[in-house]
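Remarks on the structure that follows.
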Protein chains: 2
Amino acid sequence: MRSTDLPQVRELQLFETTSGPNFEELMQAAYLQTFPAQLTLIHEGDPADFLYVVVEGKVELFASSNGREATMAVVQPFGTFILAAVLKDAVYLMSARTTERSKLLLVPSEDIRKAFEKDDAFARAIVGELASCYRGVVKDQKDIKLRTSVERLANRLIRYDKDQGKTGSLELPYDKRTLASLLGMTPENLSRAFNTLKPYGVEVEGSKVHLNDMKSLLILAKPNHLIDDRKT
Amino acid sequence: MRSTDLPQVRELQLFETTSGPNFEELMQAAYLQTFPAQLTLIHEGDPADFLYVVVEGKVELFASSNGREATMAVVQPFGTFILAAVLKDAVYLMSARTTERSKLLLVPSEDIRKAFEKDDAFARAIVGELASCYRGVVKDQKDIKLRTSVERLANRLIRYDKDQGKTGSLELPYDKRTLASLLGMTPENLSRAFNTLKPYGVEVEGSKVHLNDMKSLLILAKPNHLIDDRKT
DNA sequence: TGAATGGTTTGATTTGCATCAAGTCTTCTA
DNA sequence: TAGAAGACTTGATGCAAATCAAACCATTCA
């Protein structure tokens, strides 16, 4: 790994408290690599050889079973994926592919497990990350089990708006097919859900969305911070 | 906590590698308590004051939002619940109630976080437990997203049979209303799903289920170890 | 032990959403 | 730049599952 890349990596939450020598050792073994869009990085069922950290771009985690496929998550900077498999030295439960050109940090699992044992600050950062991943999946599960597809879309749009500065205008972060699959519906139904939200002030132009009546949208969406807040 | 209870607790995976003095200190602060059936232990949104470990009995984790409620998991011995909230000093994302009379170990969150910092073996056990919890929820999410309700029931029955010794006769571990909600369906639909499985050799007598034609049941269920195996 | 209560099953109907198909729009490529 | 390919929308239809209601069964209680 090139030394010019080190400061960027050092700023990642996962590594910023790690002691100097341990960080050096991890970075000796790691790779910072740029991958093109639509590249499958890992396959579910394979042994977990590396921990991946998204530095730039986006990575879709998806699962397959009996001819069916579903998007499980989309990881953005500076999230990790497959951390639990690395820590348990187990197989991946999901496959991963880039949705766009992406820069990823790959750290060998063995080195992650070693650093976990050696460096208390790193161990704490790892546990914080893993706990956040867990809580994120629990919230996704609540979203699916407790809301209709229209409600899920409405809350997702509100969240994207919030992430993008609360201007009422937002850019969908990935293509609609992936968004539909992530929300547990078909692309056709996503299209229909957008139409259902029209009377609530939602205007769609390709990947741009305008939320023109936040008040009524909130009444329909009924956000719940225990589902929608991704900071805690 | 009574000293006669210590050996039972010491055998829990979470504690068995913890050093003697650290274990003593944790147990000074902990409670081993028996609770009656149908008692709500924690409410979603509340701060996480204790880590809970199921020693005997069963605990249902459930979530509510906008007048709807769904069972998220049923924790059996010797699982923990709410570990991530404890580690992050965050709020509970789910409520919990006993499904039957249960003996639970309650350890104050502060003490868990302290021991995590002091005791490497304990930290490793905690991370192992958290990683397992995470992987369990990912598998549940895959179950919901990739399977029909009948398939989910079939695979769940196969799993219970396996857990109960592969005799082809099993006891449902909790009432059917809870099972239905856990599988993401209504009680009515659960009843219908059982009827759908009749031609595949599934016979139901109250809480007892007989799997009389495992071959054809497996063909319908199409188990996938990346969803159904709860050991890794 | 009979009545009350709660859990479950069954039937009828409705609803949310998937599937199939075709049309429209956008992007890519030779 | 025109045609091809892919993404998305729209329409029609079907289906899985929820909802509502009533009947039946099992358990609890006085």
Side-chain angles (χ1 to χ4, degrees), chain A residues 36-38 60 65-71 74 97 99-101 143-157 171-199 202-209 220-221, chain B residues 36-38 58 60 65-71 74 97 99-101 143-157 171-198 202-209 220-221:
Chain A
Q38 308 305 327
E60 177 197 3
S65 195
N66 302 310
R68 295 179 203 131
E69 182 180 296
T71 302
V74 178
R97 64 190 161 216
T99 65
E100 60 192 61
R101 186 182 155 87
D143 201 34
I144 290 273
K145 280 193 155 190
L146 294 170
R147 285 174 171 160
T148 63
S149 48
V150 170
E151 286 167 346
R152 295 201 290 279
L153 175 60
N155 278 288
R156 186 66 65 147
L157 294 177
E171 185 84 28
L172 294 179
Y174 28 82
D175 65 287
K176 284 179 187 174
R177 298 173 59 85
T178 303
L179 177 60
S181 187
L182 180 61
L183 294 177
M185 67 181 88
T186 59
E188 292 98 326
N189 214 51
L190 176 67
S191 194
R192 291 190 175 93
F194 271 121
N195 282 337
T196 302
L197 293 182
K198 236 188 225 156
V202 176
E203 229 177 72
V204 189
E205 294 165 27
S207 60
K208 288 191 203 316
V209 182
L220 174 130
Chain B
Q38 307 306 326
K58 288 183 184 55
E60 176 197 3
S65 195
N66 302 311
R68 295 177 204 135
E69 181 179 298
T71 301
V74 177
R97 65 190 160 213
T99 66
E100 61 192 58
R101 187 180 153 87
D143 202 33
I144 290 273
K145 281 193 154 190
L146 294 170
R147 286 174 171 160
T148 64
S149 50
V150 171
E151 286 167 345
R152 295 201 289 283
L153 176 60
N155 279 287
R156 185 68 62 147
L157 294 177
E171 185 85 26
L172 295 178
Y174 27 81
D175 65 287
K176 285 178 185 168
R177 299 175 57 85
T178 302
L179 177 60
S181 186
L182 181 62
L183 293 178
M185 68 182 87
T186 60
E188 292 99 325
N189 213 49
L190 177 67
S191 194
R192 291 189 176 95
F194 271 121
N195 282 337
T196 303
L197 293 181
K198 234 186 230 161
V202 177
E203 229 178 71
V204 189
E205 294 166 26
S207 60
K208 287 192 205 316
V209 181
L220 174 132

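Given the structure is predicted, the values throughout are model-derived calculations rather than measurements. Lettering follows sequence order; numbering is per chain, from 1.
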B/Leu153 vs B/Thr196, side-chain contact (heavy atoms from CB on, under 4.5 Å): CA-CA, chis, key distance, verdict: CA-CA 10 Å; B/Leu153 176 60; B/Thr196 303; over 6 Å; no

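Shown here are the side chain to side chain donor-acceptor pair (under 3.5 Å) partners of A/Thr178, two or more places apart in sequence or in another chain: A/Asp175. Residues meeting the side chain to side chain donor-acceptor pair (under 3.5 Å) test with B/Arg177, sequence neighbours left out: none. With sequence neighbours left out, the salt bridge (Lys or Arg N to Asp or Glu O under 4.0 Å) criterion links B/Arg97 to B/Glu60, B/Glu69. Not counting sequence neighbours, the partners of B/Glu171 by the salt bridge (Lys or Arg N to Asp or Glu O under 4.0 Å) test are B/Lys208. For A/Lys198, the salt bridge (Lys or Arg N to Asp or Glu O under 4.0 Å) criterion is met by no residue, not counting sequence neighbours. In this view, B/Arg152 satisfies the salt bridge (Lys or Arg N to Asp or Glu O under 4.0 Å) rule with no residue, not counting sequence neighbours. For the side chain to side chain donor-acceptor pair (under 3.5 Å) test, no residue two or more places apart in sequence or in another chain qualifies with B/Ser191. With sequence neighbours excluded, no residue forms a side chain to side chain donor-acceptor pair (under 3.5 Å) with B/Thr186.
In this structure, B/Leu183 CG and B/Thr71 OG1 are separated by 9.5 Å, a value rounded to the nearest 0.5 Å. Taking CD of B/Glu205 as the reference point, atom OG of B/Ser207 lies at 9.5 Å (rounded to 0.5 Å).
Comparing the axis of the opening five pairs of the helix from C/dT1-D/dA30 to C/dA30-D/dT1 with that of the closing five pairs yields an angle of 40°, rounded to 10°.
At the heavy-atom level, B/Ser149 lies under 4.0 Å from the strands shown only through sugar-phosphate atoms.
One interatomic measurement links the two molecules: CG of B/Leu153 to C1' of D/dA16, which rounds to 15 Å at whole-angstrom precision.
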Protein proximity profile, nucleotides 25-30 of chain D - base contact B, sugar-phosphate-only contact S, no contact -, cut-off 4.0 Å on heavy atoms: ------

Contact state string [nucleotides 5-12 of chain D, B base, S sugar-phosphate only, - no protein heavy atom under 4.0 Å]: ---SSBBB

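No side-chain heavy atom of A/Leu146 sits less than 4.5 Å from a side-chain heavy atom of B/Asn66.
Heavy atoms of other residues, nucleotides or ligands lying less than 6.0 angstrom from CZ of B/Arg68 number more than 12.
Close approach of DNA chain C to chain B, defined as any atom under 4.0 Å from a non-hydrogen atom of the protein, starts and stops at C/dT8 to C/dA12.
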